[in-house]
Structure formats: C-alpha cells, structure tokens
Undergrad: 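Right, I'll just put the structure down here and ask away after.
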There are 2 protein chains.
Amino acid sequence: MSKNPLNDLGSSLGDYLREQRQSAKLSLRQLSELAGVSNPYLSQIERGLKRPSAEILQQLAKGLEVSAESLYVKAGILDEDTVTERPRSDVRRAIAEDGQLTARQKATLLDVYESFVGTPAATPKTRRSTTSKAGTKTPQKEK
Amino acid sequence: MSKNPLNDLGSSLGDYLREQRQSAKLSLRQLSELAGVSNPYLSQIERGLKRPSAEILQQLAKGLEVSAESLYVKAGILDEDTVTERPRSDVRRAIAEDGQLTARQKATLLDVYESFVGTPAATPKTRRSTTSKAGTKTPQKEK
DNA sequence: GCATTCTGCTAACTAGAGCAAGCACAATGG
DNA sequence: CCATTGTGCTTGCTCTAGTTAGCAGAATGC
C-alpha cells in the first residue's frame with residue numbers, strides 16, 4: 001500500500017489530500033485556485049515532495065471544505081487525541097491546558113490541588129503531566 | 001514610503017511566549033535548549049520578527065509545558081472556537097466536578113485560580129460558531 | 001490532419017525560516 | 001581591578017517552502 005518507496009516526507013497527508021480532491025471532483029488547478037496556492041506546489045504536496053506550512057494547510061482545508069484540524073492531524077502538527085478525545089473534566093489536565101495561567105502559576109495551582117488529593121500514587125517517579133504526548137510521531141530530523 | 005521595514009508580525013504570539021518563558025524563570029538559552037531551537041531564533045520569535053512554523057511551536061510548547069494548541073491559536077493557525085468548543089477544559093468546571101475534593105477545598109482552589117486569572121467579570125464567551133464542526137470532519141462534498 | 005484546452009508535472013527562481021558564530025552589556029567573584 | 005559567566009541581540013549564512021513560466025500527453029472539436 002505504501003506507494004512511496006523512499007519518500008521520506010510524510011506521505012499520508014499527500015495521499016489524503018489527493019483523495020479528498022479527487023472525490024470532490026476537482027482538478028489540481030481548480031483546487032489551487034480555490035485555495036489560493038500554486039498548482040505545481042499543490043502537486044508536489046500531494047506527492048509528498050514538499051511539506052506545506054500550517055497556513056497552506058488552512059487554505060487547502062478551506063478549498064476542500066474539510067476541517068483544518070483534520071489536515072493538521074495528518075500533517076503531524078496536531079495530535080489526534082486532542083481533537084477526538086473527550087476526557088472527563090480532570091483538574092490536572094484543565095490546569096495544564098489553561099491558556100491564561102503562566103507556567104509558574106500552573107505549578108502552584110497543581111501543588112495546591114495535590115496537597116488536597118495527593119499525588120498520583122502509582123507513579124514513583126514524578127510523572128510528567130505533559131499536555132500532549134508529543135513523543136508519539138514527531139520525526140524530527142536532526143542534521 | 002512609510003518606512004515600515006520591520007513589520008510587526010503579530011507579536012501577540014511573541015509576547016505570550018516571552019511572558020510564559022519569563023514566568024517559568026527560563027532564560028532564552030535555557031528554553032531554546034529545552035525546545036531544541038536556536039536561541040537567536042527564539043529571540044526573534046519573541047520580538048515578532050520571525051514567524052515560527054507549527055513544528056517549532058510544538059517544540060516550544062513542549063519546552064514551556066503548555067499545550068501546543070494554545071500556541072497555534074496565538075499564532076493564528078487554529079481557531080480559538082475549535083479549541084474552546086471541545087472538551088471544555090475549563091479549570092473552574094474541572095474543580096467543580098472533581099470527585100475527591102471537599103467543598104471547602106474546591107472553594108480554596110478556585111480562589112487561588114481566580115487570584116491568578118481574575119474573576120469572570122462578564123460573560124466569558126458564549127459565542128458558538130454555527131458552522132458544522134460537529135465531529136472531526138464533515139466532508140459533505142458530493143456534487 | 002491540426003488547433004485548442006484540458007490534465008498533471010518539471011525547471012528555475014525568490015523570499016524567508018532557522019541555524020552557528022560572535023557581539024555588547026550586566027552581574028558575579030577572585 | 002580584571003576574568004568569568006550569565007543575559008539578550010546582530011550578523012551572515014544555508015536550506016526549503018512556495019512562486020511563475022513552461023513542458024508533455026490525453027481529450028475535445030474544426
């Protein structure tokens with residue numbers, strides 16, 4: 001199924017885009033016009049030769065009438081869990097994801113909370129409550 | 001001829017980043033090391049001179065221990081509605097629904113939280129976008 | 001037959017993200 | 001007093017995202 005033998009760049013996104021475009025009965029030029037990107041570039045994106053920025057993905061999503069988030073997930077810049085998952089309200093998580101608190105305030109607040117309910121006992125080492133898993137599939141190439 | 005060489009590239013993101021970094025008591029170099037980006041670049045991002053990609057934002061989020069989504073919103077590549085709409089990761093709500101805290105503890109915790117972010121003066125935000133963003137994707141694009 | 005107009009793709013180029021090296025200044029402390 | 005180490009910032013460079021111009025082939029019609 002992997003039609004890309006050694007295409008190092010993420011291909012799932014390109015495949016998905018081409019799929020969406022074709023099922024929408026749009027040509028490369030049509031979509032490129034709709035999305036406001038050049039058609040050769042779109043072609044290269046679909047074949048996995050270039051990695052589009054979030055801005056471009058946004059425009060493509062608009063042209064394709066799909067949610068930008070779904071493209072972000074495919075592009076690996078958004079974790080699928082953060083989109084689909086619907087966690088019960090968890091104080092720790094809510095604190096971690098809060099947009100107004102500073103990092104220090106978060107630490108303080110979490111401290112207070114855990115002074116009440118205790119720290120997660122099952123974890124001997126201080127388990128980092130990272131906001132997103134981050135380490136899942138982020139193939140950064142160090143060069 | 002308005003000399004506007006260094007156009008302010010929407011420095012709200014930069015301001016936010018610097019704010020977060022400083023309240024986390026991190027120097028430019030410390031955070032840049034943590035996030036795996038160069039320190040001059042981070043400096044330029046914070047001053048709004050450069051516009052970081054989503055990948056960089058992801059790494060910065062990890063280093064700052066904030067959610068990547070919040071940075072995306074600040075950077076303008078994610079709509080705030082799409083974030084606030086989902087799990088409703090609201091600290092107040094999470095505290096209220098917590099099963100372990102006593103009522104008194106809840107009041108205390110909420111007090112601390114509001115000492116940080118302030119009490120909700122008016123309506124926080126009730127605006128709901130009307131467009132279909134129901135699930136993750138709704139590609140009804142059959143012609 | 002040959003023009004036209006689609007389709008997607010290649011080539012060459014420009015702009016800007018992101019980097020390493022190094023600068024100026026403040027605070028330590030020997 | 002000067003050496004060291006910390007802070008943020010400037011310079012100059014590389015690499016790639018994203019562009020415009022143009023190419024080869026499949027369908028139309030004349």
Side-chain angles (χ1 to χ4, degrees), chain A residues 3-4 7-11 13-64 68 71-72 74-77 138-143, chain B residues 4-11 13-64 68 71-72 74-77 143:
Chain A
K3 56 192 347 184
N4 25 31
N7 273 350
D8 27 73
L9 293 182
S11 55
L13 171 66
D15 289 344
Y16 178 73
L17 281 174
R18 175 152 292 188
E19 202 174 301
Q20 289 295 312
R21 177 176 63 83
Q22 290 178 338
S23 59
K25 301 279 192 301
L26 291 171
S27 73
L28 267 173
R29 280 188 172 77
Q30 285 174 328
L31 176 55
S32 70
E33 178 80 11
L34 253 114
V37 307
S38 70
N39 65 83
Y41 186 41
L42 178 54
S43 167
Q44 290 169 323
I45 291 173
E46 287 187 346
R47 284 175 295 150
L49 301 179
K50 291 285 176 73
R51 177 174 305 190
S53 70
E55 282 80 12
I56 297 289
L57 288 178
Q58 217 172 13
Q59 301 178 60
L60 289 177
K62 193 172 181 180
L64 282 174
L71 295 190
Y72 292 164
K74 288 280 194 301
I77 70 176
T138 313
Q140 320 275 41
K141 43 158 96 172
E142 276 298 285
K143 61 169 306 195
Chain B
N4 208 347
L6 298 181
N7 229 345
D8 176 28
L9 291 174
S11 58
L13 171 67
D15 289 345
Y16 178 73
L17 282 174
R18 174 153 293 189
E19 201 174 303
Q20 288 294 312
R21 176 176 64 83
Q22 290 179 338
S23 53
K25 298 282 191 298
L26 291 172
S27 72
L28 268 174
R29 281 188 170 77
Q30 285 173 328
L31 177 55
S32 69
E33 178 80 12
L34 256 125
V37 308
S38 72
N39 66 83
Y41 186 42
L42 178 54
S43 168
Q44 289 170 324
I45 291 173
E46 287 187 345
R47 283 175 296 149
L49 301 180
K50 291 287 175 73
R51 176 175 305 192
S53 70
E55 283 78 14
I56 297 289
L57 288 178
Q58 217 173 15
Q59 301 177 55
L60 289 177
K62 190 174 181 182
L64 281 174
L71 295 189
Y72 292 164
K74 289 281 194 301
I77 70 176
K143 297 201 144 165

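All chains are named by letter (A, B, ...) in the order of the sequence lines, taking the proteins before the strands, and each is independently numbered beginning at 1. Fair warning: this is a prediction, and the values are worked out from it, not measured in the lab.
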Undergrad: Would you mind telling me which residue lines up with the more 5' stretch of DNA chain C, B:Ile45 or B:Pro40, judged by nearest nucleotide?
TA: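 Result of the comparison: B:Ile45.
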Undergrad: In a check of side chain to side chain contact (heavy atoms under 4.5 Å, CB included) between A:Tyr16 and each of A:Lys74, A:Glu46, A:Arg21, which one passes?
TA: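 Only one option passes, and that is A:Lys74.
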Undergrad: I need the CD-P distance between A:Glu55 and D:dT19, as an integer number of Å.
TA: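 Taking atom P of D:dT19 as the reference, CD of A:Glu55 is at 12 Å.
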Undergrad: Does A:Arg18 make a side-chain N or O approach to OP1 or OP2 of C:dC9 shorter than 4.0 Å?
TA: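 Checking C:dC9 against A:Arg18, a side-chain N or O does come within under 4.0 Å of OP1 or OP2.
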Undergrad: Taking the minimum atom-to-atom distance to the side chain of B:Lys50, which one of D:dA17, C:dC9, C:dA17 wins?
TA: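 When the side chain of B:Lys50 is considered, C:dA17 is the closest of D:dA17, C:dC9, C:dA17.
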Undergrad: What integer distance in Å separates B:Lys25:NZ from D:dG6:P?
TA: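 So the NZ-P distance, B:Lys25 to D:dG6, works out to 19 Å.
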Undergrad: Ignoring backbone atoms, test whether B:Ser43 places a side-chain nitrogen or oxygen under 4.0 Å from the OP1 or OP2 oxygen of D:dC9.
TA: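 Checking D:dC9 against B:Ser43, a side-chain N or O does come within under 4.0 Å of OP1 or OP2.
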Undergrad: Could you tell me the separation between the CD1 atom of B:Ile56 and the C1' atom of C:dC19, rounded to a whole number of Å?
TA: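 In whole Å, C:dC19 C1' and B:Ile56 CD1 are 10 Å from each other.
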Undergrad: Would you mind telling me which residue lines up with the more 5' stretch of DNA chain C, B:Asn39 or B:Ala54, judged by nearest nucleotide?
TA: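 Taking each residue's closest nucleotide, the earlier one in sequence belongs to B:Ala54.
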Undergrad: Counting C-beta onward and ignoring hydrogens, is there a side-chain heavy-atom pair between B:Leu57 and B:Leu13 closer than 4.5 Å?
TA: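 Yes, their side chains come closer than 4.5 Å.
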Undergrad: Are A:Tyr41 and A:Pro52 packed together at the side-chain level, in the sense that at least one heavy-atom pair is separated by less than 4.5 angstrom?
TA: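 Heavy-atom side-chain distance check passes, below 4.5 Å.
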Undergrad: Could you give the CG-to-P distance, from A:Leu60 to D:dA17, as a whole number of Å?
TA: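 Going from CG in A:Leu60 over to P in D:dA17 covers 14 Å.
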Undergrad: For D:dA17, does either OP1 or OP2 sit under 4.0 Å from a side-chain N or O belonging to A:Ser53?
TA: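 Result: no.
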Undergrad: CZ of B:Arg51 versus C1' of C:dG16: gap in Å, rounded?
TA: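 About 11 Å, once rounded to whole Å.
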Undergrad: In whole angstroms, how far is the P atom of D:dA17 from the CD1 atom of A:Ile77?
TA: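 From A:Ile77 CD1 to D:dA17 P: 14 Å.
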Undergrad: Show me the protein contacts with nucleotides 5-7 of chain C, counting only N or O atoms at under 3.5 Å.
TA:
from	atom 1	to	atom 2	distance (Å)
C:dT7	OP1	A:Ser27	OG	2.8

Undergrad: Within this structure, what is the CG-to-C1' distance between A:Leu31 and C:dC9, rounded to whole angstrom?
TA: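 The answer, rounded to whole Å, is 16 Å.
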Undergrad: Which residues pass the side-chain contact (heavy atoms from CB on, under 4.5 Å) test with A:Ser43, not counting sequence neighbours?
TA: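 side-chain contact (heavy atoms from CB on, under 4.5 Å) check on A:Ser43 returns A:Leu28, A:Arg47.
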Undergrad: What is the distance, rounded to the nearest whole Å, between atom CZ of B:Arg47 and atom P of C:dG18?
TA: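 Checked: the CZ to P distance equals 16 Å.
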Undergrad: Would you mind reporting whether A:Leu64 and A:Leu34 have side-chain heavy atoms less than 4.5 Å apart?
TA: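 They are not in side-chain contact.
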Undergrad: Do A:Leu31 and A:Val37 come close enough that some side-chain heavy atom pair is under 4.5 Å?
TA: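 The answer is no, as the side chains (C-beta and beyond) never meet within the 4.5 Å cut-off.
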Undergrad: When you look at CD of B:Glu33, are more than 12 heavy atoms from neighbouring residues, nucleotides or ligands closer to it than 6.0 Å?
TA: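 No, not enclosed.
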